[in-house]
J.: 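The structure under discussion is supplied below as structure tokens; questions concerning it will follow.
Since we're looking at a predicted model, the values are computed, not measured. Chain letters run A, B, ... following the sequence lines, proteins first and then strands; every chain starts at 1.
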2 protein chains.
Amino acid sequence: MNEETLQQALRTADNLCTQRGVRFTAQRRRVLELICRAERPIGAYEILDQLRAGAKAAPPTVYRALDFLLEQGFVHKLETLHAFIGCTHPEHPHASQFLICSDCGRVKELEDEAIAGSLRALEDANGFRPKRPVIEVIGTCAHCTHRHTQS
Amino acid sequence: MNEETLQQALRTADNLCTQRGVRFTAQRRRVLELICRAERPIGAYEILDQLRAGAKAAPPTVYRALDFLLEQGFVHKLETLHAFIGCTHPEHPHASQFLICSDCGRVKELEDEAIAGSLRALEDANGFRPKRPVIEVIGTCAHCTHRHTQS
DNA sequence: TCGTTTTCGGAATATTATAACCCCTGGGGA
DNA sequence: TCCCCAGGGGTTATAATATTCCGAAAACGA
Ligand SMILES: [Zn+2]
Ligand SMILES: [Zn+2]
Ligand SMILES: [Zn+2]
Ligand SMILES: [Zn+2]
């Protein structure tokens with residue numbers, strides 16, 4: 001994420017917090033910034049290390065900020081990686097799918113209507129009321145596949 | 001899982017191991033049995049506690065057996081719960097979806113063709129080669145929903 | 001039988017996440 | 001003004017999950 005995109009993301013978060021009547025504190029802002037600056041999913045303890053470069057910090061500091069950012073939908077947690085990634089469209093709540101490249105570590109967030117639909121059908125057929133869908137596919141991205149066939 | 005089903009599952013695992021030329025050791029058998037006996041997903045350290053009732057054991061003992069059982073497809077790992085569950089049809093490799101009730105803890109394993117199809121389409125559109133899909137939906141099962149509306 | 005590979009025991013350690021306690025600050029009344 | 005309260009956050013400790021490493025034992029192949 002380049003500097004401009006980052007600043008835009010932080011402004012968006014700030015505005016959303018104002019709208020929602022919640023506080024976008026310096027701490028929360030800093031953690032969101034670190035997550036967005038990382039080109040890949042970042043773990044809670046990596047965030048902690050970077051926070052510690054500027055001030056004292058302990059795990060609860062990070063996890064409290066993460067809880068907030070997750071609640072507000074500004075970041076997503078990747079369960080298979082125990083890591084966090086900035087959301088690409090935090091304006092509205094949504095269920096997304098993640099394609100995780102185990103080769104380069106990059107992740108693509110998608111909102112596919114077909115998947116959401118089949119999932120709904122599956123849930124309906126089973127009388128299941130979904131709260132939080134987790135769809136993460138681990139594999140190799142187009143870029144890395146191409147790189148392999150070349151070499 | 002009742003006693004008969006359990007014995008059947010263990011026999012199936014044993015046969016598959018013979019076919020595949022891998023060893024279904026006492027350790028591995030014991031761990032599979034504990035997972036199958038649990039009516040719900042069971043954590044590695046719960047398995048460890050139960051193993052310790054009969055003999056000495058340490059975390060690597062459990063994790064080694066789990067690695068084997070996962071490789072062979074006899075059990076699945078639920079990433080959102082950090083827990084393990086017996087596979088309902090270990091004969092063939094497959095990608096399944098899990099409906100996880102956060103109320104009663106029960107999990108339903110499904111193999112839905114529509115979801116698998118939309119996921120394939122999504123992957124193809126992105127030039128992504130999948131290795132391991134993780135699809136887990138946390139929510140409330142039909143039974144628990146019903147129980148709530150009654151009370 | 002011998003040498004190789006796989007499995008296993010066990011200690012230590014790494015990694016991820018939460019609990020509990022206290023203090024501070026800012027805002028809304030009495 | 002003072003009191004009180006709720007949210008945010010600092011700090012220590014601990015829980016929960018998972019892996020690394022070393023070496024011995026067992027199984028396997030020839
Ligand atoms: Zn998103
Ligand atoms: Zn890649
Ligand atoms: Zn299965
Ligand atoms: Zn239920």
J.: Determine the interplanar angle of the A/His82 and B/His82 rings, folded into 0 to 90°, and report it as parallel if under 30°, tilted if 30 to 60°, perpendicular if over 60°.
T.: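 Rings of A/His82 and B/His82: parallel, under 30°.
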J.: Step by step, work out the side-chain hydrogen bond (donor to acceptor under 3.5 Å, both in side chains) result for A/Glu79 and B/Thr80.
T.: CA-CA 6 Å; A/Glu79 296 288 345; B/Thr80 51; over 6 Å; no
J.: Between B/Arg37 and B/Glu3, is there a side-chain N and carboxylate O pair less than 4.0 Å apart?
T.: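 Yes, charged N to carboxylate O under 4.0 Å.
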J.: Assess whether side-chain contact (heavy atoms from CB on, under 4.5 Å) is satisfied between B/Gln72 and B/Val22, documenting all intermediate values.
T.: CA-CA 9 Å; B/Gln72 299 301 319; B/Val22 296; 3.9 Å; yes
J.: Would you call A/Glu46 and A/Arg40 a salt bridge, using N to O less than 4.0 angstrom?
T.: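 No salt bridge links A/Glu46 with A/Arg40.
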J.: Looking only at heavy atoms, what is the nearest atom pair of A/Pro130 and A/Glu123, with distance?
T.: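 So the minimum-distance heavy-atom pair works out to CG-OE1, 3.2 Å.
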J.: Quick check: on DNA chain C, is the nucleotide nearest A/His82 upstream (toward 5') of the one nearest B/Val22, or the reverse? Name the residue that is more 5'.
T.: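 Its nearest nucleotide being more 5', the pick is B/Val22.
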J.: Between A/Lys77 and C/dA17, is there a side-chain N or O to OP1/OP2 distance below 4.0 Å?
T.: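 Answer yes for this pair, as a side-chain N or O of A/Lys77 is under 4.0 Å from OP1 or OP2.
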J.: Do the side chain of A/Tyr45 and the base of C/dA14 come within less than 3.5 angstrom through a donor-acceptor pair of N or O atoms?
T.: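 Side chain to base: no pair below 3.5 Å.
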J.: What are the residues of residues 47-73 of chain A, sorted by number, that bring a heavy atom to within less than 4.0 Å of DNA chain D?
T.: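 Contacts with DNA chain D under 4.0 Å: A/Lys56, A/Ala58, A/Pro60, A/Thr61, A/Arg64.
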J.: Would A/Glu33 and A/Arg28 pass as an ion pair if we require N to O under 4.0 Å?
T.: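 A/Arg28 and A/Glu33: not salt-bridged.
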J.: Quick one: pull up CZ in B/Arg129 and OG1 in A/Thr145 and give me the separation to the nearest 0.5 Å.
T.: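 So the gap between those two atoms works out to 5.0 Å.
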J.: Whole angstroms only, please: what is the CZ-C1' distance between B/Arg28 and C/dT7?
T.: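 Between C1' of C/dT7 and CZ of B/Arg28: 7 Å.
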J.: Kindly state whether the ring of A/Phe98 and the ring of A/His76 have centres lying under 6.0 angstrom apart.
T.: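 Between A/Phe98 and A/His76, the centre distance is under 6.0 Å.
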J.: If you take all heavy atoms of B/Pro41 and B/Gly105, which pair is closest and at what distance?
T.: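 Smallest heavy-atom distance, with atoms named: CD-O, 3.4 Å.
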J.: Of all nucleotides in DNA chain D with an atom under 4.0 Å from a non-hydrogen atom of chain A, which is the first and which the last going 5' to 3'?
T.: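 Using the under 4.0 Å cut-off, the span is D/dG7 to D/dT12.
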J.: At what angle, to 10 degrees, do the two end axes of the helix from C/dT1-D/dA30 to C/dA30-D/dT1 meet, given five pairs define each axis?
T.: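 Its terminal axes enclose an angle near 30°.
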